[in-house]
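One structure below.
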Amino acid sequence: MTGAPLIQTRDLCKAYRSAVETVWAAREVNFTASAGEFVCVYGASGSGKSTLLNLLAGLDVADTGDIQVAGVDVGAADEARRARLRLDAVGVVFQHHQLVEEFTAAENVALPLEARGDTSSAARAEAVAQLARVGLAGLEDRLPGQLSGGQRQRVGIARALAGDRAVLLADEPTGALDSAATREMFTLLRKLSDEGVLAVVCSHDPRCREFADSVYEVVDGRLEHR
Ligand SMILES: Nc1ncnc2c1ncn2[C@@H]1O[C@H](COP(=O)(O)OP(=O)(O)OP(=O)(O)O)[C@@H](O)[C@H]1O
């Protein structure tokens, strides 16, 4: 299922400059992706995958070019507006789950909801629903240390999607997982896309491409459709 474009970039460029060199981490990136799409992005180490995700998430700012995400002009948005975009529409997960170890699964998922002003009972109900959606019903009150690596990463996905966020940006989400948990993670991401989520997944793992609707390679900052 694919629908309206949720991400559109035009000629996005980002360079990192030091006294000795200029590294083009994004070069004229033109990228469109829609609701319900599972996009796999791969590329050599240092090619610019994380830079692209960080630009899409508004965690980093492009030098030139346009970027629209969920109806927001990210290039024109200030830091507060970009943070709000992440709370409302764009969830991000990384290789390491970045859960708060002292909080239960449900408390972790509730964090962004409480940050945007939901009451604690509404946040808890939504957290329980999101945990069920990622296959963790019944494990809401476990601490991260009482979950497997794959389960912890699922909590991270539930947290990223909590509040009905439509875009999921995942940077090497299976990098710390074994082979079976990796396959389960891609199966979950496929299911979420089938439910309407736009998932943009940077992954070295070739199995990611089997599950994706569209596949891109980043080569020296350029995004090439495969
Ligand atoms: N904050 C920064 N300052 C300077 N250079 C940077 C910075 N962030 C990234 N780079 C450089 O930009 C290029 C792209 O980096 P990026 O992390 O986006 O690549 P990547 O494809 O995600 O790599 P990996 O697979 O190793 O995570 C690399 O040459 C990197 O060294």
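Computed from a predicted structure; not experimentally measured. Ligands are counted one by one from 1 in listed order, and the atoms in each one are counted from 1 as well.
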Does even one non-hydrogen atom of [X] get within less than 4.0 Å of ligand 1?
X      : result
Cys202 : no
Gly43  : no
Glu172 : no

### Message
Val23 versus ligand 1: do any nitrogen or oxygen atoms come within less than 3.5 Å of each other?
### Response
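Not met; the criterion fails.
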### Task
Consider every N or O of Ala25 and every N or O of ligand 1, then say whether any pair is closer than 3.5 Å.
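Between Ala25 and ligand 1 (N or O atoms, distance only) the closest approach is not under 3.5 Å.
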### Val109 backbone acceptor or donor facing Gln130 side chain under 3.5 Å
no
### Query
Under 30°, 30 to 60°, or over 60°: which ring-plane class applies to His225 and Tyr216, parallel, tilted or perpendicular?
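Geometry flag for Tyr216 against His225: perpendicular rings.
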### Message
Within this structure, what is the CD-OG distance for the pair Glu126 and Ser121, rounded to the nearest 0.5 Å?
### Response
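One finds 12.5 Å between CD of Glu126 and OG of Ser121.
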### Query
Got a second to check how far Leu169's CG is from Arg86's CZ, nearest 0.5 Å?
10.0 Å
### Query
Where on Ser18 is there a heavy atom closer than 4.0 Å to ligand 1, on the side chain, on the backbone, on both, or on neither?
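No part of Ser18 comes within reach of ligand 1.
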### Message
Tell me the protein heavy atom at minimum distance from atom 15 (O) of ligand 1, and give that distance in Å.
### Response
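Answer, as residue, atom name and distance: Thr51 OG1, 3.9 Å.
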### Query
Is Asp220 salt-bridged to Arg27, cutoff N-O under 4.0 Å?
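Salt bridge flag = no for Arg27 with Asp220.
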Out of all atoms in ligand 1, which are within 4.0 Å of some heavy atom of [X]? Include the element for each.
X      : value
Ala44  : 21 (O)
Gly48  : 14 (C), 16 (P), 18 (O), 19 (O), 20 (P), 21 (O)
His204 : 25 (O)
Lys49  : 18 (O), 19 (O), 20 (P), 21 (O), 22 (O), 23 (O), 24 (P), 25 (O)

### Query
What about Leu131 and Leu168, same hydrophobic cluster or not, with Ile/Leu/Val/Met/Phe/Trp/Tyr joined at side-chain heavy-atom distances under 4.5 Å?
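Looking at the clustering, Leu168 is in the same group as Leu131.
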### Query
Is it true that the NZ or CZ of Arg222 lies under 6.0 Å from the centre of Trp24's six-membered ring and within 45 degrees of the ring axis?
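No.
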### Message
Would you say atom 29 (O) of ligand 1 makes contact with the protein, given that contact here means a non-hydrogen protein atom less than 4.0 Å away?
### Response
yes
### Task
Show the numbers, then the answer: is there a side chain to side chain donor-acceptor pair (under 3.5 Å) between Thr104 and Glu140?
CA-CA 7 Å; Thr104 66; Glu140 299 85 3; over 6 Å; no
